Protein chains: 2
Amino acid sequence: MQEVLRAHLEQIIPLTDEEFTFIESHFILKKYKKHQFLIQEGMPVKYVYFVVSGLLKLIHTDDTGKQQIISFAMEDWWESDYQAFYTQTEATFSLDCIEDSVVLGLSLESYQTLCEHLPKMEHFFLQKANRGYMALQRRLLSLMTSQAKERYQQLIHQYPTLVQRVPKTLLASYLGVSRETLSRLSFGV
Amino acid sequence: MQEVLRAHLEQIIPLTDEEFTFIESHFILKKYKKHQFLIQEGMPVKYVYFVVSGLLKLIHTDDTGKQQIISFAMEDWWESDYQAFYTQTEATFSLDCIEDSVVLGLSLESYQTLCEHLPKMEHFFLQKANRGYMALQRRLLSLMTSQAKERYQQLIHQYPTLVQRVPKTLLASYLGVSRETLSRLSFGV
């Protein structure tokens, strides 16, 4: 499991064995079954998660009980309710498993320790944060400008594996279209 | 001008005079008139900008010529076409002045130099990147879930000064509503 994390980190920062031993000692390995929750709305958020295997969804439930999918997370992705995690407040999102998942959790204290003791890790997290910001900005723009068909095509182009693994109902919710519209779109591609 | 930057940085990282002298030597002061462009779609993006004074808008123009407002930036905010800046590719957004503006520009080379030589600066940028990500996530959620009226009220609550300074037509575009709808909303608040 840890080798997956190491390979992922080393895409950005080369590490010595000693450094990696220090890093991995701060992560906690957790296994979840499909439908299990890692984060629940209204509860404290203890960890940011690195996904070793599996597939998860970050969702928000509005006042009427309707769910919006904020994002998906699969192998090599990081996910959490970041607002609640960084500010140590209650979750406004939920994170649960679409598939059985194995994750490595990092607490805020450990995140800060890693950044303080290993400037490389601060560099790594800065790179990831910048990339995350850019991806989110593209998603925002796509929601503001594109028709459902374009949004679907962009998603296939960017994340082909994801589109195959995510149930169509969830994909429709992520794209902000009805299940029926999505069927028409995916048939036409 | 530089004191504004120093006060801003010191909200997150305390600095010695020597450190700040090193930092400020990497920024370039620029002044722009209302309607002038700092970034133009299709052109290289040389700087990320810290706004000393003024008000700017980051916009995207779609294939039909319609403009979407991605974000506003005023005093103490950072703005750029980050995708183009970090990857040194051509801009897909434009950044121009709603009011006369004074900014401090930081090139990618200088950004990297500051991060390498002063771990504090990497820490600063990580904090800002995380906060930027959270703000963008709230904006995304707001676009996905809220009615125009709620979006307007959230904006007033979060950025009261901004709402007063931005022309109504631009505010309507940012909120994704017509100018007429916005008039009804702002009358009712």
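Everything numeric here is computed off the predicted structure, so don't read it as measured data. Chain letters run A, B, ... following the sequence lines, proteins first, then strands; residues in each count from 1.
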**Q** What part of A/R131 is in contact with chain B, defined as an atom under 4.5 angstrom from a non-hydrogen atom: side chain, backbone, both or neither?
**A**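 Neither part, no heavy atoms under 4.5 Å.
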**Q** Say whether B/Y159 and B/L185 are linked into one hydrophobic cluster, either directly or through other cluster members, by side-chain heavy-atom distances under 4.5 angstrom.
**A**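 Linked within one cluster.
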**Q** Of all of B/H123, B/K128, B/Q68, which one pairs up most often with chain A through heavy atoms under 4.5 Å apart?
**A**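 Option with the top pair count is B/H123.
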**Q** Is it true that B/L29 and B/L56 fall in one hydrophobic cluster, defined by side-chain heavy atoms closer than 4.5 Å?
**A**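 Both belong to a single hydrophobic cluster.
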**Q** Which atom names give the shortest non-hydrogen contact between B/L126 and A/Y111, and what distance separates them?
**A**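 Nearest heavy atoms, B/L126 then A/Y111: CD2-OH, 3.4 Å.
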**Q** Roughly how far, to the nearest 0.5 Å, is NZ of B/K66 from CE of A/M144?
**A**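 A/M144 atom CE to B/K66 atom NZ measures 8.5 Å (nearest 0.5 Å).
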**Q** Which atoms of A/H60 come close to chain B, meaning under 4.5 Å heavy atom to heavy atom: side chain ones, backbone ones, both, or neither?
**A**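 Side chain only.
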**Q** Shorter than 4.5 Å, heavy atoms on both sides: which option in A/D62, A/D63, A/I70, A/L141 has the most such pairs with chain B?
**A**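 Greatest number of close heavy-atom pairs with chain B: A/L141.
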**Q** Quick one: what part of B/L143 sits under 4.5 Å from any heavy atom of chain A, side chain, backbone, both or neither?
**A**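 For B/L143, side-chain heavy atoms alone lie under 4.5 Å from chain A.
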**Q** Taking the side chain as everything from C-beta on, heavy atoms only, tell me whether B/Q137 gets closer than 4.5 Å to A/L58.
**A**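 Touching, per the 4.5 Å side-chain cut-off.
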**Q** Is it the backbone or the side chain of B/Q127 that comes under 4.5 Å from a heavy atom of chain A, or both, or neither?
**A**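 B/Q127 has no heavy atom closer than 4.5 Å to chain A.
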**Q** Among the clusters formed by ILVMFWY side chains lying less than 4.5 Å apart, do A/L114 and A/I28 turn up in the same one?
**A**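 Yes, because A/L114 and A/I28 connect within a single hydrophobic cluster, where side-chain heavy atoms sit under 4.5 Å apart.
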**Q** Is there any residue in residues 73-89 of chain B with a non-hydrogen atom under 4.5 Å from a non-hydrogen atom of chain A, and which ones are they?
**A**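 When heavy atoms of chain A are the reference, residues 73-89 of chain B contributes B/Y82, B/Q83, B/Y86 within the under-4.5 Å range.
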**Q** Do other residues, nucleotides or ligands put more than 12 heavy atoms under 6.0 Å from the NZ atom of B/K120?
**A**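 Yes, the 6.0 Å shell around NZ holds more than 12 heavy atoms from other groups.
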